[in-house]
Each structure stands twice: as C-alpha cells, then as structure tokens.
Amino acid sequence: MTTDGRPHDGVLAVFTNRERAERYRNLLIERYALGKNLSLHGKSLAHDVEAWRLGLGPGLEDRELDENPDFLRGAWIVKVDETCRMIACEFSTQARPSQPSATYRTGIHRVCQGHGATPHAALDAARKSMLAHLGRART
C-alpha cells in the first residue's frame with residue numbers, strides 16, 4: 001500500500017507487489033517536486049520536497065488486507081449524545097470498524113460517533129469517546 005502518512009485513512013493506493021508501490025510513490029514525489037521553485041504569496045508550494053525525498057512523505061506499508069478485516073470498509077456507525085444515549089445508528093460501506101471516534105457539536109449539544117464491526121461495538125466506542133470528552137471538559 002502507498003499511504004500519505006496519516007494513521008487511519010491515508011491509503012492512496014493498493015498494489016499487488018512492492019515494486020509497483022515504489023514506482024507510484026516515486027511518481028508522487030516527482031509530481032510534488034514540480035512545485036519546488038514555485039511560490040504563492042511568498043510561500044513555497046512544495047517546501048518539504050527534500051523531506052519527501054528522504055522518505056518523510058508518502059510511504060509504503062506491507063499489509064495483507066484480507067487478513068485484517070478491521071482495515072476493510074464496512075462498519076456500523078453509532079452516535080450518542082451527552083447522556084451516552086444512542087441517537088443514531090447505521091451501517092456504512094464508507095467507514096471501517098477500526099476508524100477512530102469523532103466528536104462534534106450540533107447546536108449547543110455534543111455528539112460522539114463511534115465505529116465497529118457490530119452495532120454493540122460501535123455503541124461502546126461512541127460511549128467511551130463521549131465519556132473521555134466529558135472528562136476533558138470538566139478538567
């Protein structure tokens with residue numbers, strides 16, 4: 001796999017062998033380097049191209065996708081309110097069971113969204129995230 005470095009959703013492409021993944025990564029670095037001498041409002045468009053060339057940009061990761069089902073898309077999504085009561089539940093092929101929980105505001109209320117392979121696992125993740133959020137808010 002070629003990733004952009006983000007831990008949860010950074011997959012750029014999946015290849016059948018490492019050589020093809022390396023070619024793609026090198027192509028990305030080459031394309032990015034085209035902006036090295038360009039700037040907008042005094043800021044370089046590709047200021048970290050040398051870091052990318054040193055391996056701090058797109059990376060390669062060997063992973064057997066079919067042996068890690070939590071990495072594959074298809075998960076339950078549960079939303080809870082401040083009382084940790086479920087307010088929404090749905091299955092989505094866009095989310096992964098291992099996707100991190102998210103907390104956001106709707107009006108004056110906070111909502112935590114958890115993901116899991118089962119509705120119960122997603123509810124547990126959402127409740128855990130809300131309790132952690134409420135704990136941080138009180139301190």
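Taking Leu45 as the reference, Leu38, Leu40 meet the side chain to side chain contact (heavy atoms under 4.5 Å, CB included) condition, with sequence neighbours excluded. For the side chain to side chain contact (heavy atoms under 4.5 Å, CB included) test, residues two or more places apart in sequence or in another chain that qualify with Ala75 are Ala95, Pro97. Applying the side-chain hydrogen bond (donor to acceptor under 3.5 Å, both in side chains) criterion to Arg20, with sequence neighbours excluded, gives Thr16. For Glu22, the side chain to side chain contact (heavy atoms under 4.5 Å, CB included) partners two or more places apart in sequence, or in a different chain, are Arg18, Arg25, Leu60.
Side-chain contacts under 4.5 Å among hydrophobic residues (ILVMFWY), followed directly or transitively, place Phe91 together with Trp76. Side-chain contacts under 4.5 Å among hydrophobic residues (ILVMFWY), followed directly or transitively, place Leu131 with no other residue at all. The hydrophobic cluster around Val111 extends to Ile87, Tyr104, counting ILVMFWY residues whose side-chain heavy atoms fall within less than 4.5 Å of a member.
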Donor-acceptor pairs are to be reported for all side-chain atoms of residues 47-59 against protein atoms at under 3.5 Å, with residues two or more places apart or in another chain.
| residue | atom | partner | partner atom | Å |
| --- | --- | --- | --- | --- |
| Asp48 | OD1 | Tyr32 | OH | 2.3 |
| Glu50 | OE2 | Lys36 | NZ | 2.9 |
| Glu50 | OE2 | Arg53 | NH1 | 2.9 |

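Of all heavy-atom pairs between His115 and Ile77, the closest is CD2-CG1, 3.6 Å. The two atoms that bring Gly116 and Ala121 nearest to each other are CA-CB, 4.2 Å, heavy atoms only. What you find for Cys89 and Met86 is that their closest heavy atoms are CB-SD, 3.7 Å.
No single ILVMFWY cluster, assembled from side-chain heavy atoms under 4.5 Å apart, contains both Ile29 and Tyr24.
Pairs of residues two or more places apart, or lying in two chains, never qualify as salt bridge (Lys or Arg N to Asp or Glu O under 4.0 Å) while including a residue from residues 105-134. The side chain to side chain donor-acceptor pair (under 3.5 Å) pairs that include a residue from residues 80-89 are Asp81-Thr83, Asp81-Arg85, Glu82-His109, where partners are two or more places apart or lie in different chains.
The NE2 atom of His133 sits 12.5 Å away from the OG atom of Ser101 when rounded to the nearest 0.5 Å. The distance from atom CZ of Arg23 to atom CD of Glu30, rounded to the nearest 0.5 Å, is 13.0 Å. Between the CD atom in Gln99 and the CD atom in Gln113 there is a gap of 7.5 Å [rounded to 0.5 Å].
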